[in-house]
Amino acid sequence: MTNAIYMDANATTLSCAAAQAALDAALRMAGNPSSVHRFGRAARALVDRARVQVARLAGATPENVIFVSGGTEANNLALAGRGERPLIVSGIEHDSVLKPAQLAGARVLRVQRNGQVDVDDLAIALRETGRPAFVSIMLANNETGVIQPVREAADLVHENGGLLHCDASQAPGRIALDIGELGADLLSLSAHKMGGVLGAGALVLKNEIAIDPMLIGGGQEKFRRAGTENAPAIAAFGAAAEEARTNGHAERLSALRDRLEARLADLDIAIIGGGAPRLPNTACVAVAGKSSETLVMALDLAGFAVSAGSACSSGKARPSHVVLAMGYDEEVARSAIRISLGWWNSESEIDLLAARLADLAGRRVHILPDMQPAA
Amino acid sequence: MKGVYEMSSLQEMKIAADGQNRPKTPIYLDYQATTPTDPRVVEAMLPYFTTHFGNPHSRNHSFGWEAEQGVEKARAQVASIIGADEKEIIFTSGATESNNLAIKGVAHFYKGKKNHVITVVTEHKCVLDSCRHLELEGFEVTYLPVQQNGLIDLEKLKAAIRPDTCIVSVMAVNNEIGVIQPLAEIGKICRAAKVYFHTDAAQAVGKIPLNVEEMNIDMMSISGHKLYGPKGVGALYVRRKPRVRLEALIHGGGQERGMRSGTLPTPLCVGLGEACAIAQREMGAEAERLKALRDRFYDKIREQLPEVYLNGDLESRIPGNLNLSFAYVEGEGLMMGIKDLAVSSGSACTSASLEPSYVLRALGVEEELAHTSLRIGLGRFTTEQDVDYAVEHIVQSVQRLRSMSPLWEMAQEGIDIKSIQWAEH
Amino acid sequence: MAYSEKLIEHYENPRNVGTLDKGDTSVGTGLVGAPACGDVMKLQIKVGPDGRIEDAKFKTFGCGSAIASSSLATEWVKGKTLDEAEQIKNTMIAQHLSLPPVKIHCSVLAEDAIKAAIRDYREKHGNRPAEQAAE
């Protein structure tokens, strides 16, 4: 896709140069990190180095980094480790937290209109359970970019003697990240959301706590996650983590995002979550009277890749559960599109998108049946 | 063939250009631990890291569609090599996950109705550990023994199947000794008994012909990095007719027909697909080439060294594997003597432990002999020169270590080692 | 697992490989370990008239660490009295060769082998002090 403009960074980012270089070198090596010969040791060295880099990104120690296949597995693994603790999650979590939480009969926390989880409701929920709970609240929402009051929540959870898990997949390179300062006990990271590549993620622990493994077998990751380590993707993950930690793009991204929102100010739109602290790169926009599905498709035909809701949904038109949880009605939830920017985007691209959006918002969007891609 | 080694020696030349000595290339003979990614596979993957980098589940823009197309093509390639339908392929993070998903997934689905599982003592750790986990949950597990050649006794399998058996899990090819289980016969028995047949085919796909229809296989685990594809990806074949029911391990976005949530790693899926396509094309000729190399290796060793024993059946065996016991020479000590050869003693996953291989023990290989075994894995980039060099160094090293071995000395003096009262330690 | 240079050097150029005559009254033989456990060490000492160990030989079935530990042990016992040789501790061997934690047992075995050889020698001589025994 050489001619299209990619503005869907929260679905997946481009991989950064450092990650690509690390990947490229690692792909050309033989060696199973568990083998004792030099090929194995070389692969092990890649994994160990990345472990240090990811630990640094999260403000944790290397032995508390568990490499997994991605953010979804990290979230599932975190929740699987709750033991007998009752589970409490926010209503705007990613499906990889919400779905296992639903299966476990979790208490779901209310969300305020501004997109932040209601900490008072957390206090109520903790009182109601009466015993130490396992709470999962994301650091920044993937659809709205709204940053959650994780520290405040953590203090409440810890007063109650419980554990806090935080899905921080969207944070690296965009906002500060430190497991200690956040007060989280477990933290999920996804490599391909921070300039790494698909196929790696991590569950990071603040202190060593017992983890109930989902995959068992070879004893890798100190018996917390079996399976041959994906050394190339992990090496790229490490490089991307280093890049995100030392060379974030927050200022540039927020300037771009603010520029976009300013250009859209005259239209009949709502910026969902606009009143709360947000990720610098994310704009969640509802255009009055336009379904997100139509709008996203029209934008794609015009050469802009943005998304409606989260990319993991099955493709069926579904109102955003995040926007619904914020108390908006179904119509708004069906019209919210997400524009999420990356370091590769430029001011001129923003201006092109703003112009096109204004165009589309001003008139009814027609898409002929034969222009729709096959599902 | 242009091998990965050519490519890595390019990197070494860069090091040399920086004023350092070009390191002597060690020879990789550990193809059952992992295989180098075929350069053609890397080439196929790279565009999906950069140009077609979209999230394959982004249904609303072309970046997503391109990624999705890559994934679906790969799915068809994986299906093709095992004679399956592409709708029956679930991508996972690797064979460990596939095995965990197949065994725990089916058992959890039938919990309460069918509480019995059958597997084999020589399975990969991740199958055995999944079964142990099920035992803790209240399932009953039958661990079938193997015969001295490493193969199961089909009569024992028949006898083990019960009305409440929900799954039989028998690996296609053993990772340590390379023996091929009689899959078609096992499939026939399981189908007749209406029990699901799962096979861990991580070491088999691309090495031997496999067909899920002809072999009546209901589930099959596939690994990317064991067939010259990338690490971090694998697949589970799940039959649709008759439909296999299983409970997911990883929940979330509902990808992979709800059986495996998580964003699909497009480049890795593409790599696995390409690896399958290459293997399917080249399998026949490659198997012959490897068998010739393997025979050359084994013959030369036997010509020069007495008291070398092959572990596992020679006939029902993949061509790229030798597992040899060099009596009176401890395997780890031997590995240190052949530093230029990357081989393994026991399975890579457990090699940090000092226990002798449980697979060899299951064949009835005595512990003292199990300690002397090496697994030699030959593969796509192994050459005749590699084999000759390796044989020469192994022979030298074994001879040197035997001359230093008190056990060899006793054997030469005619002392029966078993007659000695050895101290426990 | 990275091994120290000293360890590798002992593995590649082991000192004092060989066998002394077990029947010789001046020779003490220690055979420790078990084939089923993956390591066996045979360490022999020859005690001179002055009660000092004038020669030592070993043969080992085992990993590189076991071979290096026994090689080092033969080097260290030479020239020592039996009482002095008994003072060699596994920790000294482990430290000298920088053995990784999973290989500490090799140094334990080497210490056991020295002790076993000394015990054998003493038993041959009715457990008299070495100086008298050597006479």
Side-chain angles (χ1 to χ4, degrees), chain B residues 307 325-340 344-346 348 350-357 360-361 365-374 396-413 415-425, chain C residues 1-4 7-20 22 29-44 57-71 74 90 100-113 115-117 119:
Chain B
E307 300 221 46
S325 291
F326 298 90
Y328 314 114
V329 173
E330 199 271 338
E332 244 187 285
L334 177 54
M335 275 176 67
M336 202 162 165
I338 47 174
K339 282 201 300 280
D340 278 348
S344 90
S345 62
T350 54
S351 55
S353 84
L354 303 169
E355 296 297 311
S357 150
L360 297 184
R361 297 287 297 126
V365 176
E366 306 219 5
E367 275 186 64
E368 48 260 52
L369 210 51
H371 276 294
T372 71
S373 67
L374 284 193
Q396 278 173 4
S397 204
V398 168
Q399 284 169 343
R400 179 176 96 95
L401 291 169
R402 278 184 175 169
S403 76
M404 289 168 59
S405 165
L407 303 180
W408 175 254
E409 187 178 68
M410 288 175 202
Q412 300 308 301
E413 288 169 4
I415 300 171
D416 180 6
I417 289 168
K418 288 188 191 65
S419 70
I420 294 176
Q421 192 77 39
W422 297 102
E424 303 263 328
H425 72 277
Chain C
M1 224 182 314
Y3 290 108
S4 70
L7 189 155
I8 292 167
E9 208 273 319
H10 269 282
Y11 171 83
E12 284 174 353
N13 306 298
R15 329 287 198 263
N16 309 312
V17 176
T19 301
L20 299 171
K22 231 181 346 198
T29 301
L31 183 66
V32 296
C37 302
D39 30 34
V40 175
M41 281 181 196
K42 186 189 75 172
L43 190 142
Q44 294 180 301
K57 295 281 183 201
F58 84 96
K59 281 200 175 188
T60 288
F61 163 83
C63 62
S65 303
I67 290 170
S69 295
S70 32
S71 166
T74 56
N90 84 288
V102 295
K103 293 295 180 189
I104 297 300
H105 70 275
C106 296
S107 63
V108 175
L109 208 56
E111 182 188 323
D112 288 351
K115 295 217 164 90
R119 199 183 316 121

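To find a chain, count down the sequence lines: A is the first, B the second, and so on, and within it residues start at 1. Everything quoted here is computed from the prediction, not taken from an experiment.
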| query | Which bit of B:S403 is near chain C, if near means a heavy-atom gap under 4.5 Å: side chain, backbone, both or neither? | reply |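 Interface part for B:S403: backbone (N, CA, C, O).
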
| message | Could you measure the distance from the CD atom of B:E413 to the OG1 atom of C:T19? Nearest 0.5 Å is fine. | response |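 Output value for this atom pair is 7.5 Å.
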
| message | Once rounded to the nearest 0.5 Å, what's the spacing between atom CD1 of C:I8 and atom NZ of B:K339? | response |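 Those atoms lie 5.5 Å apart.
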
| message | Between C:V17 and chain B, with a heavy-atom cut-off of 4.5 Å, which part of the residue counts as in contact: side chain, backbone, both or neither? | response |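 Answer is side chain: those atoms of C:V17 sit under 4.5 Å from chain B.
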
| Closest contact, heavy atoms only, C:Y11 versus B:G333 |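 Smallest heavy-atom distance, with atoms named: OH-O, 2.6 Å.
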
| Where is the tightest heavy-atom contact between C:E12 and B:R400, given as atom of each residue plus distance? |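 Shortest heavy-atom contact: O-NH1, 3.5 Å.
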
| query | Do B:E330 side-chain atoms and C:C63 backbone N/O form a donor-acceptor pair below 3.5 Å? | reply |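 It does hold such a pair.
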
| message | Counting C-beta onward and ignoring hydrogens, is there a side-chain heavy-atom pair between C:F61 and B:E368 closer than 4.5 Å? | response |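 Not in contact.
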
| task | Please tell me if the side chains of C:L31 and B:M410 come closer than 4.5 Å, counting only heavy atoms from C-beta onward. | result |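 Touching, per the 4.5 Å side-chain cut-off.
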
